[in-house]
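Below is one structure, written out as structure tokens, with a few remarks after it.
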Amino acid sequence: MNLKFGFAAIIAICLLVSCGTQENKQEDTITEEVEESKFLSPPLVSHIYTADPSAHVFDGKIYIYPSHDVETVVEEDDMGAHFNMMDYHVFSMESPDGEVVDHGKVLDVEDIPWAKRQLWAPDAAEKDGKYYLYFPAKDKDDIFRIGVAVADNPAGPFKAEPEAINGSYSMDPAVFKDDDGSYYLYFGGIWGGQLQQYRDNKYQPVGKGPYDGIPAAEEVSLMPKIAKLSADMLQMAESPKDVMLLDADGNPILAGDNDRRFFEAAWVHKYNDKYYFSYSTGDTHFIAYGIGDSPYGPFTYQGNILNPVQGWTNHHSIVEFQNKWYLFYHDTELTDKTHLRNIKMAELKHNADGRIETIEPIKK
Ligand code: FUB
């Protein structure tokens, strides 16, 4: 059900109350107070828990590919074990304030031969009338890999490839289609996302920290990864490369710069021929962004697109629909529990200088 653009203001309801005879009739004013919502936008979906919404326009409709959050007995920890999702649903909307249709379960962990658990944030892409769902999951050894599943319809159902994408690792895949028809896979996330366990695309387990024995204040942060996709959309056509995030002086963002360094949730959109790379800063809870001249970057840090939401995680996507731009994101309005989230949307504005107006998800 679409609860969007709900209105929760203080409503004064004036009722004419009839008391007894015509002569005794008097006008009473009853004021009923409805508490004003502190949230910018209401949940798009409330019959199941949803998070990490990747939105795309396919066949003239908005399609949303989110994570499907579930209750779990797994205890919460810093590595996100409590995000124990087991399947995906797809949603669509004819218009930004239209009904949100749940197309049901489109892929289940049981139907992914290589995967064991934790179906985290997915994304989708279309090429030549086929639809590709990219998703992270832990394999039988509890290592995150990225898989792909294929459908003939944007609403699925999707059939998983028998193996994860060769050479894939970590999580939060996002696919960007450039104007020349090239598709790029972005991915990565630190802490529970395991990116810190890799150097030069090789598994080198080092524990939780991203640090290579250098103080975080001096060490370059771990950067998200990019690889062009193969023509069949099922593999990476090249070894993953770092997506460099730079400060205004051209220096790489440092590991100790928690307000600006990459944590997870990569997304790319193009506006006025510039590439915008946006991401979550994790433990500081921002959706930040940088601007660049190539899908490979480098991207120069600009600021925040979305300030912290209610809940620990912050994860988003950005899409243009009928000449307006929208941010899809999530929070925990329905439950106030970190791992039981609900997706939302809000209009996003690019200023004349190309910068994005920061969205405040909680009213001041
Ligand atoms: O939903 C599980 C994980 O939480 C996602 O993969 C992260 O981006 C964070 O939102």
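What you see is a predicted model; the values in this text were computed from it and never measured. Remember, it's 1-based here, ligands and their atoms both numbered in the order they're listed.
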Show the atoms of ligand 1 that are less than 4.0 angstrom away from any heavy atom in Met85. 1 (O), 2 (C)
Honestly, for Ala121 the part within reach of ligand 1 (heavy atoms, under 4.0 Å) is both
Minimum non-hydrogen distance to atom 8 (O) of ligand 1, winning option of His82, Arg341, His316, His315: His315
Under 4.0 Å from any heavy atom of Met171, which atoms of ligand 1 are there? 6 (O)
Which protein heavy atom lies closest to atom 9 (C) of ligand 1, and at what distance to 0.1 Å? Glu264 OE2, 3.3 Å
Where at least one partner belongs to residues 216-256, residue pairs that pass ring-ring contact (aromatic ring centres under 6.0 Å, His included), sequence neighbours excluded: none
Are Tyr88 and His68 close enough that their ring centres sit under 6.0 Å apart? no
When you measure from the heavy atoms of His330 to every atom of ligand 1, does any distance fall below 4.0 Å? yes
NZ/Lys337: more than 12 non-hydrogen atoms of other groups inside 6.0 Å: no
List for me each residue that meets ring-ring contact (aromatic ring centres under 6.0 Å, His included) alongside Phe321, sequence neighbours excluded, and say none if there are none. none
Would you say the side chains of Arg355 and Gln302 form a donor-acceptor pair under 3.5 Å? yes
Contact between ligand 1 and Gln118 is defined here as a heavy atom of the residue under 4.0 Å from a ligand atom; is it met? no
For atom 6 (O) of ligand 1, which candidate among Asn84, Asp172, Thr313, Asp52 provides the closest heavy atom? Asp172
Would Arg341 and Tyr49 count as a cation-pi pair here, with the cationic atom under 6.0 angstrom from the ring centre and within 45° of the axis? no
